[in-house]
Amino acid sequence: MSQAVQAVGSTEDIALYVEVQQFYGRQMRYLDEGRVQEWAKTFTEDGMFAANAHPEPARGRTAIEAGALEAATRLAEQGIQRRHWLGMVQVDPQPDGSIVAKSYAVIIGTPLGGKAAVDLSCDCVDVLVREGGALLVRERQVYRDDLPRN
Amino acid sequence: MSQAVQAVGSTEDIALYVEVQQFYGRQMRYLDEGRVQEWAKTFTEDGMFAANAHPEPARGRTAIEAGALEAATRLAEQGIQRRHWLGMVQVDPQPDGSIVAKSYAVIIGTPLGGKAAVDLSCDCVDVLVREGGALLVRERQVYRDDLPRN
Amino acid sequence: MSQAVQAVGSTEDIALYVEVQQFYGRQMRYLDEGRVQEWAKTFTEDGMFAANAHPEPARGRTAIEAGALEAATRLAEQGIQRRHWLGMVQVDPQPDGSIVAKSYAVIIGTPLGGKAAVDLSCDCVDVLVREGGALLVRERQVYRDDLPRN
């Protein structure tokens, strides 16, 4: 490979980027499969989930799990399978050891026997940290594109 | 980079994850461009393609190519360009040397002169193997979200 | 990890693939946030942006910025947030030191207070080069799936 195409990222940055992608794949599957305890455990114990669709952030795993359970129950009753896609990921390690990860999020919903469609498009900003070797979300801020940003 | 953000994946795992992403990009483009022979060759000779939309799995490259040709012919007649996206990929190397790769799949369809839309949302579980240096699909199980899982 | 799952990509190829993904995440966010100067600077000074939707390619950063500004202004007036997703990326380093990157592109549009939907599905072929350490687009060819490819 010629000099011109040499990539500039460090080995650590590359490994981290791939790890974040794997983490998101696993994390959102927990949510979409209604595995709400495992979903909550992808946040830190005091993790925060904020969204411009909610008046107040959910704080802590118990609140995050309760929110996910409510949504999962409603979707199951409606016979809707949701899939959360995170993409266009940017991973920026911070001096304090945390990681800011920005991504686009799109939610695809499919009713049983019906037609798949885009339900929502969002902007997602995470602060990730490592605890006991694993990445966890310390803060997630989701901005739905159909609602005012603040 | 501080200790806290050190990624934990091995170099081999990272390389494999990227390779699977590249493989999927190439493989699904074969399908979407109607290159059905090249598509069939991304499966092992005895590869299996199963879907909850089909009563029986397609077994072997000949059957897989025939299925793809039928779909490509129908779409060409209808003037529809399909694009298969696989995302939210999770790659898990197995003790036997195979690789389980789970992903979400969304199919975008666009009629010539018409409007793009989500055609289908699916869950995709692959068993990949390496033959002669290249990744191949030995088993693919696709679950359309609009149909019962079994 | 057994021999069978050893990935075959070189360390440079892997790093480059991840770098292209990060680059696309950053680049398209510039466009979607209306940061048109920063967007234009992700192209080489003489960069070309061609599309089967346009009679002539935009040539050079000034033209590329002007095109983006026009689109951003129109979308802002309409209250529409667009998100450009590039996925299914294939990265192929060339002997001359440039990089051919093929991807699928989908544009999700959301009107404020309205419903998100797929606006467009496209095929995207880039020629990337490295200048001063950073990846830049020297040529981008976008093929909208709803229009003849030419």
Side-chain angles (χ1 to χ4, degrees), chain B residues 10-29 31-33 79-89 91-101 103-119 128-135, chain C residues 1-22 24-25 52-53 82-93 99-109 115-126 142-150:
Chain B
S10 72
T11 305
E12 288 78 10
D13 286 348
I14 293 156
L16 182 64
Y17 190 84
V18 166
E19 191 184 4
V20 170
Q21 290 185 309
Q22 287 252 45
F23 171 71
Y24 282 156
R26 193 170 63 245
Q27 188 200 32
M28 302 316 287
R29 187 175 279 269
L31 182 63
D32 294 330
E33 295 182 350
I80 292 170
Q81 176 66 57
R82 277 195 155 179
R83 303 228 174 254
H84 288 73
W85 289 62
L86 300 184
M88 304 303 283
V89 179
V91 174
D92 293 307
Q94 303 296 303
D96 70 354
S98 69
I99 302 142
V100 172
S103 61
Y104 286 176
V106 72
I107 305 175
I108 310 286
T110 312
L112 192 61
K115 190 82 180 74
V118 176
D119 278 347
L128 307 175
V129 293
R130 190 178 299 286
E131 284 186 11
L135 290 181
Chain C
M1 187 182 284
S2 79
Q3 188 65 24
V5 294
Q6 285 289 339
V8 294
S10 72
T11 305
E12 289 79 9
D13 286 348
I14 293 155
L16 182 63
Y17 190 84
V18 166
E19 191 185 4
V20 170
Q21 290 184 309
Q22 286 252 46
Y24 282 155
N52 63 343
R82 276 194 157 181
R83 303 231 174 253
H84 287 74
W85 289 61
L86 299 183
M88 304 304 283
V89 179
Q90 290 173 269
V91 174
D92 293 307
I99 301 142
V100 172
K102 297 184 180 180
S103 61
Y104 286 175
V106 73
I107 305 176
I108 310 286
K115 189 83 180 73
V118 175
D119 278 347
L120 292 169
S121 168
C122 308
D123 185 15
C124 179
V125 182
D126 279 351
V142 177
Y143 302 95
R144 273 174 46 179
D145 288 337
D146 60 323
L147 300 177
R149 183 128 177 152
N150 293 321

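Side chains included, hydrogens not; waters and symmetry mates left out as well; all remaining heavy atoms used. Only a predicted model underlies this, so the values are computations on that prediction, with no experimental measurement involved. Throughout, a chain's letter reflects where its sequence line sits, starting with A, and its residues are numbered from 1.
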(message) Please give me the minimum heavy-atom distance between I14(C) and A15(B), naming the atom from each residue.
(response) CD1-CB, 3.1 Å
(request) Can you see which heavy atom on A116(B) is nearest to which on S121(C), and at what distance? (result) CB-N, 3.8 Å
Taking the side chain as every heavy atom from C-beta outward, state whether [X] and [Y] have any pair of such atoms under 4.5 Å apart.
{"X": "M88(C)", "Y": "L86(B)", "value": "yes"}
{"X": "I108(B)", "Y": "Y104(C)", "value": "no"}
{"X": "E19(B)", "Y": "Y17(C)", "value": "no"}
{"X": "R83(B)", "Y": "D123(C)", "value": "yes"}
{"X": "K115(B)", "Y": "D119(C)", "value": "yes"}

(request) Go through the atoms of T11(C) and report whether side chain, backbone, both or neither lie under 4.5 Å from a heavy atom of chain B. (result) neither
(request) Sort out for me which of L147(C), I107(C), V91(C), V18(C) touches chain B most, counting heavy-atom pairs under 4.5 Å. (result) V91(C)
(request) Check for a donor-acceptor pair, side chain of Q21(B) on one end and backbone N or O of V89(C) on the other, with a separation under 3.5 Å. (result) no
(message) Let me confirm one number: the CD-SG distance from Q81(B) to C122(C), rounded to the nearest 0.5 Å.
(response) 11.0 Å
